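Below is one structure, written out as structure tokens, with a few remarks after it.
Everything numeric here is computed off the predicted structure, so don't read it as measured data. When a ligand or atom number is given, it counts from 1 through the structure's own listing order.
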Amino acid sequence: MDPGEIMAVMGRNGVGKTTLIKCIAGILKWKSGYSIVAGQKSGNNKPIAEIGYVPQAHKSSFSYSVRDMVVFGKVGHNSYFAVPQNKDYQKADDILERIGIKDLRDKPCNELSGGQLQLVFVARALVNSPQLLILDEPEAHLDFRNQLRLLKLIKNVVSEQNISCIINTHYPNHAIRIANKCFLLGDNDYQEGAVQEVMIDTNIKKYFSVRSQTLYTTYEGIQIPTFVFLDEV
Ligand SMILES: Nc1ncnc2c1ncn2[C@@H]1O[C@H](COP(=O)(O)OP(=O)(O)OP(=O)(O)O)[C@@H](O)[C@H]1O
């Protein structure tokens, strides 16, 4: 992928999307082969600093404050010698404000809702200014407004910081709205290419067994495609 690009990974439940992005991130080992991120081979269980990975948010058992959770992303959670500096807290505060959750700053993470925790994980990934941002279903727990805000935030961060982003999503409407590329994963094959060419009704039928129709809405002079799901095939 090139800097400035967003790739949406799509496919039905259990097909292997999370496994794929965990292998790219170096969290899981490839059975064979490897991926190269920012010039480094991933797949040897060594975290790559240039990758910001945002897992699917479940309830957190950590009682750290939101601010500390984000700062740990910066200084390294397990690093004994790493003491957060004022500038680390300042950066964490800036990101929390940008994401719109500064009011949660002092709240313990184990008292957050799933959607709030998801946004905290995004902040924690961004605090390191990664070259590759990998997000696993980041919109899953968010309400419509926060979904929209998060998608806009991802798009802006990718373009302003000229980084790359891989986003695992179940929403074709989100993929077509923010991604340039799409990787559509099936049981025995995949399709990869420009999102407008891959995310089409015939592929939704082939990879999800759902009949859909694309409708178009014009907003601020831009045509926005929207998939309407009609029935199972
Ligand atoms: N820790 C694990 N050990 C063994 N099998 C696993 C493990 N995690 C996932 N799997 C299996 O690997 C396959 C792919 O799982 P994965 O989580 O990558 O799918 P996914 O496409 O991300 O699914 P979803 O859309 O439901 O999140 C599934 O069949 C799942 O049951």
Side-chain angles (χ1 to χ4, degrees), residues 1 5-37 41-48 51-62 112-122 124-125 130 132-144 146-147 150-151 154 164-193 195 198-212 226-233:
M1 286 181 71
E5 280 190 334
I6 300 176
M7 182 168 77
V9 176
M10 299 207 57
R12 61 170 184 74
N13 285 131
V15 77
K17 300 178 298 298
T18 298
T19 306
L20 173 71
I21 60 173
K22 280 185 173 171
C23 287
I24 294 171
I27 296 165
L28 290 177
K29 262 185 147 169
W30 293 106
K31 271 191 177 164
S32 62
Y34 52 86
S35 45
I36 296 181
V37 177
K41 268 189 193 177
S42 86
N44 53 2
N45 285 350
K46 208 176 93 206
I48 294 180
I51 296 178
Y53 180 75
V54 182
Q56 287 182 24
H58 301 290
K59 279 281 178 192
S60 172
S61 54
F62 294 118
L112 299 178
S113 75
Q116 290 170 332
L117 187 63
Q118 187 72 73
L119 293 173
V120 172
F121 283 170
V122 173
R124 192 180 58 171
L132 173 63
L133 183 62
I134 300 181
L135 305 114
D136 198 355
E137 297 180 33
E139 344 83 306
H141 298 278
L142 301 180
D143 65 41
F144 296 139
N146 275 332
Q147 286 186 6
L150 181 69
L151 294 177
I154 293 169
S164 310
C165 172
I166 297 175
I167 174 171
N168 198 347
T169 179
H170 279 300
Y171 301 98
N173 290 334
H174 293 177
I176 204 103
R177 191 87 186 254
I178 70 158
N180 320 85
K181 287 187 171 163
C182 183
F183 189 95
L184 194 46
L185 191 57
D187 287 325
N188 304 307
D189 64 350
Y190 66 88
Q191 287 209 23
E192 188 265 337
V195 69
V198 174
M199 197 35 61
I200 51 176
D201 293 323
T202 47
N203 279 338
I204 288 179
K205 188 172 171 188
K206 179 175 173 196
Y207 288 89
F208 294 91
S209 303
V210 165
R211 195 169 293 119
S212 64
T226 304
F227 296 94
V228 178
F229 306 112
L230 302 171
D231 205 352
E232 289 180 73
V233 177

Item to check | Residues Y207 and D187: side-chain donor-acceptor under 3.5 angstrom | outcome: no
Item to check | Parallel, tilted or perpendicular: ring planes of F229 versus F227, cut at 30 and 60 degrees | outcome: parallel
Quick check on ligand 1: any N or O pairs to the protein under 3.5 Å? One line per pair.
from: ligand 1; atom 1: 18 (O); to: T18; atom 2: N; distance (Å): 3.4
from: ligand 1; atom 1: 18 (O); to: T19; atom 2: N; distance (Å): 2.9
from: ligand 1; atom 1: 18 (O); to: T19; atom 2: OG1; distance (Å): 2.6
from: ligand 1; atom 1: 19 (O); to: G16; atom 2: N; distance (Å): 3.3
from: ligand 1; atom 1: 21 (O); to: V15; atom 2: N; distance (Å): 3.2
from: ligand 1; atom 1: 21 (O); to: G16; atom 2: N; distance (Å): 2.9
from: ligand 1; atom 1: 21 (O); to: K17; atom 2: N; distance (Å): 2.9
from: ligand 1; atom 1: 21 (O); to: K17; atom 2: NZ; distance (Å): 2.8
from: ligand 1; atom 1: 22 (O); to: T18; atom 2: N; distance (Å): 2.9
from: ligand 1; atom 1: 22 (O); to: T18; atom 2: OG1; distance (Å): 2.9
from: ligand 1; atom 1: 23 (O); to: G14; atom 2: N; distance (Å): 2.9
from: ligand 1; atom 1: 25 (O); to: N13; atom 2: ND2; distance (Å): 3.1
from: ligand 1; atom 1: 25 (O); to: K17; atom 2: NZ; distance (Å): 2.7
from: ligand 1; atom 1: 25 (O); to: H170; atom 2: NE2; distance (Å): 3.0
from: ligand 1; atom 1: 26 (O); to: N13; atom 2: ND2; distance (Å): 2.9
from: ligand 1; atom 1: 27 (O); to: E137; atom 2: OE2; distance (Å): 3.3

Next on the checklist: For the backbone of T18 and the side chain of D136, can you confirm whether one donor and one acceptor N or O come within less than 3.5 Å of each other?
Outcome noted: no
Checklist entry - If we only count heavy atoms from C-beta on, is the I51 to I134 side-chain gap below 4.5 Å? => result yes
Checklist entry - Is any side-chain N of the basic residue among K181 and E5 closer than 4.0 Å to the acidic one's carboxylate O? => result yes
Checklist entry - Are D231 and K205 close enough for a salt bridge, meaning some N to O gap below 4.0 Å? => result no
